[in-house]
Amino acid sequence: MKPLSSDATRLVAEAVAVRRAIHACPEVAFEEVETARLAADRMRARGLTVRTGLGQTGVAAVLDTGRPGRTVLLRADLDALPVAEGTGLPFASTNGKMHACGHDGHVAALDMAADLLLLDPPACGRIVFAFQPAEESTGGAIAMIADGVLENPRPDVVFGIHLWTPLPLGTVGVAAGPMMAAVDEFRIEVTGRGGHAASPHETLDAVLGASHVIQALQSIVSRRLPPLSPAVVSVASVHGGNAFNVLPERVVLTGTCRSFDPDAVDALPGLVTGTAAAAAAVAGCAAETTYLRKSRALVNDAGEAARASRCASALVGERNVTAACRTMGGEDFSEFLGKVPGAFAFVGAAPATDPPGRRRAHHAPDFDFDERALPVAAKLFAAVARSVLAGE
Ligand SMILES: [Zn+2]
Ligand SMILES: [Zn+2]
């Protein structure tokens with residue numbers, strides 16, 4: 001049975017309403033209490049079995065056909081960002097946080113997918129709808145997995161999407177193999193000896209030491225890693241000093257490394273630590289590096305990427321599905337994919353009404369996506385689930 005057109009119109013209107021309700025009240029990592037409640041309540045209202053509190057605020061709902069078969073897990077992330085919204089939308093957030101990455105849309109799309117699947121339930125197997133906390137800070141996927149989201153039932157396949165404004169509305173991006181980078185975080189404390197800015201020779205200048213470190217870190221990608229191994233080292237914050245005439249004792253840098261190849265992933269902590277220490281020493285300072293792994297590279301199973309690509313082609317047309325969508329951005333859905341074969345896809349969501357050249361960068365205060373991407377995402381979720389359960 002195909003959804004009647006009146007069903008389709010109603011479901012799209014409902015998805016937009018859900019998205020806007022979540023957008024107006026964003027919650028950041030591990031604080032997604034109301035967002036999780038909304039997702040759980042709607043799944044319960046459909047008669048699904050719901051588990052809550054997975055990885056603190058995560059939710060998993062199971063649609064069980066009652067007949068043995070395969071299990072597929074579909075995942076959406078719940079969290080917003082600590083960004084003050086500047087869109088001016090009528091449903092804009094006013095609490096200083098913002099759904100500036102589209103996760104509000106992910107929840108709405110997965111919610112709509114449940115209705116699409118219930119309109120014409122698959123003949124056998126189970127579908128797990130997983131609403132994950134804390135994707136942005138990372139840690140949510142690992143926490144949910146630790147709390148058993150991949151058990152009882154254990155999925156045979158996992159699938160996730162991201163609404164993606166670098167891609168136009170009506171397109172889908174999915175690539176076999178590595179698609180998104182491994183994410184690391186570093187903190188470098190450059191320590192010297194503070195003193196009067198007029199007598200630098202009596203100090204060990206941590207500001208100069210930190211500037212050497214920032215410069216030298218850029219030689220890691222250009223000179224220490226193979227040119228064909230994609231990697232990024234970015235220093236994203238610099239904190240030190242509070243007066244124009246006082247050299248501080250300490251400057252703290254934080255930043256991120258992104259990489260794909262296991263060799264680069266393994267080499268980066270040592271390269272950052274060693275380069276920082278050597279560069280700081282030029283100014284007579286010490287550098288202490290704290291290096292954290294945030295999430296592994298997102299690697300799509302080749303067969304599952306092909307399935308997602310087939311399903312997407314049926315939805316938006318083969319020429320609107322691209323594999324040229326690799327990015328140095330990260331996604332902790334990689335942790336699911338590290339345990340269960342599956343795929344992750346980008347659903348093109350650039351607002352079609354924007355003037356040419358306008359960019360809606362994810363994480364920017366003016367981020368927005370085209371809500372017509374919601375049904376595309378929901379239908380892709382449903383199509384992949386049906387395909388897995390049909391044993392295709
Ligand atoms: Zn994001
Ligand atoms: Zn995101």
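Note that ligands are numbered from 1 as they come in the structure, with each ligand's atoms numbered from 1 the same way. Count residues from 1 along the sequence.
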By the ring pair (Phe, Tyr, Trp, His ring centres under 6.0 Å) test, which pairs, at least two apart or in different chains, include something from residues 70-128? His23-Phe91, His103-His106, His103-His162, His106-His162
Check whether any side-chain heavy atom of Thr191 sits under 4.5 Å from a side-chain heavy atom of Leu204, and report yes or no. no
Just wondering, do Thr171 and Phe346 contact through their side chains at under 4.5 Å, heavy atoms? no
Protein N, O or S within less than 2.8 Å of the Zn ion (ligand 2), waters excluded: Cys101 SG, His103 NE2, His162 NE2
Charged N to carboxylate O below 4.0 Å: is that the case for Arg46 and Asp111? yes
Ring-face cation contact, Phe129 with Arg42, 6.0 Å cut, 45° max: no
Minimum-distance N/O/S atom that His363 presents toward the Zn ion (ligand 1): NE2
Should the pair Arg19 and Phe369 be classed as cation-pi, given the thresholds of under 6.0 Å to the six-membered ring centre and 45° from the axis? yes
